[in-house]
J.: 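Dumping the structure here so I can ask a few things about it.
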Amino acid sequence: MEAICQQYRLLYEQDGIIRVPFLVKGRLVVPPELTRAEIDAAFSALEPDAGYVKLPGVQLLRQPGDATLHQHLAAAARSATTQWGQAGLALACLPHEAFMSADAVLRTTWRILVSHRRRLEWNQSSNPASGGAAGLPGSLRSMWISPAIALATAAYLVLARPSVLVFAAPILLLWLVAPGITWWLSRPLVRPQSRLSQEQQVFLRALARRTWAFFDTFVGPDDNWLPPDNVQTQPGPAVAHRTSPTNLGMALLASLAAHDFGYLPTGRLLERTTNALRSMGAFERHRGHFYNWYDTQTLQPLLPKYVSTVDSGNLAGHLLTLRVGLLALPDGPIVSPRVFEGLADTLGILGESRADDVSAPQAELRRELDSAIAAGVTTLGDAHRRLDRLATLAGVSAGDRRAVATAVNTGAEPDWAHALLDQCRAARDELALLAPWTSLGDPPAGLEHLLPHAQVPTLREIAELEDRVLPLVAQALTAGRDDAARAWLLALRDAITAGSALARHQVAVIEDLARQANEFATLDFDFLYDTSRRLLTIGYNVTERRRDASYYDLLASEARLGSFVAIAQGQLPQENWFALGRLLTRAGGDPVLVSWSGSMFEYLMPL
């Protein structure tokens, strides 16, 4: 019996008859006539680590101290499932692997000892050309040996030893369906699509609106339009008048995101961004890098002057993102359904604060917003009328003491009624400034074609409107018109001139802000990079003129964005990216990268 367990035989033949193969120590072995008891004894005699499967009993007894019993049992079950699955796959592919190995041995022996030809012929297993046709037919053609052996063995057992068939059937069935198993496992992975429920979307949008309320409230002229590091609400309101490069980047992107959500019109976005970049331009820097901390009121760096690799990388990535977002603004519609969706978010929070006392203006606001969101933005005139109606209702709601969401004593909770009113007026005024002809009323008969853009135009189209429409207006003025028609034409000319000039100004501001963002994002990383280790250091103390002795050496680290940006800009070699460690562990049954602290700050960095 022990001799059988130690033998290595691909095939065994006795009296000219091929016996039933089975697995011993991971090898295909065909022993002589064996009883069921002898087979069981042979397997039980194997060393625990010699087979394909390690039983999970040992793992069950090793419960980590920081895991609950339920977590430990779930992890052990997942591990056992994975191990048994791998063992089953290996067993299913065993005839095919044995056949391929035997084929390789025979081909090599023939070419080396006999033919002396084609000795350099080889195909990589990853080469698509070596795998034959794709799909299930291709898998059947490449793995035909597995079902062939299964059928031949089953036929032999039926004729010669029917009593053994019941024991061999599971393995023979596995070999029979092996091509289908490998085809099924080889299918392309379908990435699951995340679908948020309506309740989840409402919750996330309310969270986004509350987040923007922080930046809208505390990023203002008192701090030179720079974000404070934090605001303490208990025991009393206290603003930390200091900021970091990461804070700066987050505030800039918060304004851009607020515009995308419909909370902030383009004009205010440009105003806030211009003020923030102007203040950043007044900062003292070191080789393009912003220091780790600044006083937001004096704009002076806080001691010690320190360059943080993480903060510099974060700010560079945020500025590049800001640049792309700004450059997309001129080609977007000047008013979109997102404006009404943003108003609905603010109204929803206002409704939560006064859930027991919803006033008539609030109810009317909800109906108007639902109608606007359902209909979409079709024309500028329709958008202007809806925004004007919403601003009126919001004004009534803000003036109704029953509906006002009074700020709490700490001052941390905004007045959502007046926030809604300000948001409505800002959207309406933005449209009125960029398309002032929407308030002219209906055109006189025969002049309808002069109204620009029946559909919603982009900012760039309005900027070019003056050159395209004013000649037509001038031509219409030369024709015989009554006083009302001439007055309307003159008002239209002035409106187009004003709107087009403002649009051109905004486009120019956008391009200038994009240029500034790109300049601020261009940093010198040479003094932070160790060429021997191919890693970025933690930072550089400018006051002491000393580089830190520690380095970021894991891919799952907060410095990953900095490495990515610096490599993309040509500041660092690509070797830095591949030098970052990629140790893996399992969490929830899925492989994840190992990080130093396991914080979301490390894992949420883009890859």
Side-chain angles (χ1 to χ4, degrees), residues 1-46 50-53 55 81 83-110 123 125 130-187:
M1 191 67 249
E2 294 179 358
I4 295 174
C5 295
Q6 299 300 326
Q7 287 178 354
Y8 175 77
R9 291 176 291 180
L10 290 178
L11 292 176
Y12 179 88
E13 185 173 352
Q14 180 180 1
D15 299 330
I17 301 176
I18 303 294
R19 302 301 179 183
V20 180
F22 75 100
L23 191 62
V24 175
K25 284 197 170 182
R27 295 172 175 84
L28 188 64
V29 176
V30 183
E33 299 281 349
L34 294 177
T35 65
R36 176 64 180 175
E38 290 174 329
I39 295 176
D40 293 338
F43 276 103
S44 63
L46 297 176
Y52 275 91
V53 181
L55 296 179
T81 301
Q83 292 177 14
W84 282 102
Q86 292 173 345
L89 178 62
L91 182 59
C93 296
L94 190 59
H96 172 70
E97 293 181 359
F99 176 77
M100 296 296 292
S101 299
D103 177 73
V105 169
L106 293 176
R107 287 176 185 265
T108 303
T109 303
W110 174 263
N123 285 322
S125 60
S130 65
L136 183 57
S139 182
L140 287 171
R141 279 193 290 271
S142 63
M143 297 187 65
W144 63 269
I145 191 65
S146 294
I149 290 179
L151 293 174
T153 304
Y156 165 74
L157 292 177
V158 169
L159 297 176
R161 298 191 62 189
S163 60
V164 182
L165 184 61
V166 65
F167 304 109
I171 294 179
L172 296 179
L173 180 62
L174 198 60
W175 291 351
L176 182 65
V177 299
I181 294 175
T182 56
W183 163 78
W184 185 79
L185 292 174
S186 301
R187 294 179 306 164

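The analysis underlying the following values was restricted to heavy atoms, covering all of them including side chains, and did not include hydrogens, waters or symmetry mates.
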J.: Looking at every non-hydrogen atom in both residues, tell me the closest pair between S142 and S139 and how far apart they are.
T.: OG-O, 3.2 Å

J.: When you measure from the side chain of T182 to the backbone N and O of P179, does any donor-acceptor pair fall under 3.5 Å?
T.: yes

J.: Looking at CG of L165 and CZ of F167, how far apart are the two atoms once the value is rounded to the nearest 0.5 Å?
T.: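 Here the rounded value is 10.5 Å.
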
J.: With distance as the sole test, does W175 use its side chain to make a donor-acceptor pair with the main-chain N or O of L91 at under 3.5 Å?
T.: yes

J.: With sequence neighbours excluded, what pairs up with I181 under the side chain to side chain contact (heavy atoms under 4.5 Å, CB included) test?
T.: L89, A92, L174, V177, L185

J.: Does L172 reach the side chain of L157, with side-chain heavy atoms less than 4.5 Å apart?
T.: yes

J.: Distance-only, no hydrogens or angles: does the S146 side chain make a donor-acceptor pair with backbone N or O of P95 under 3.5 Å?
T.: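 Not a single qualifying donor-acceptor pair exists.
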
J.: Nearest 0.5 Å please: distance from the NE2 atom of H96 over to the CZ atom of F99.
T.: 9.0 Å

J.: How many angstroms lie between CG in L176 and CD1 in I171, if you round to the nearest 0.5 Å?
T.: 13.5 Å

J.: Considering all heavy atoms of both residues, which atom of T109 and which atom of V105 are nearest to each other, and what is their separation?
T.: OG1-O, 2.7 Å

J.: For W184, enumerate each residue passing the side chain to side chain contact (heavy atoms under 4.5 Å, CB included) test, keeping only those at least two apart in sequence or located in another chain.
T.: R187

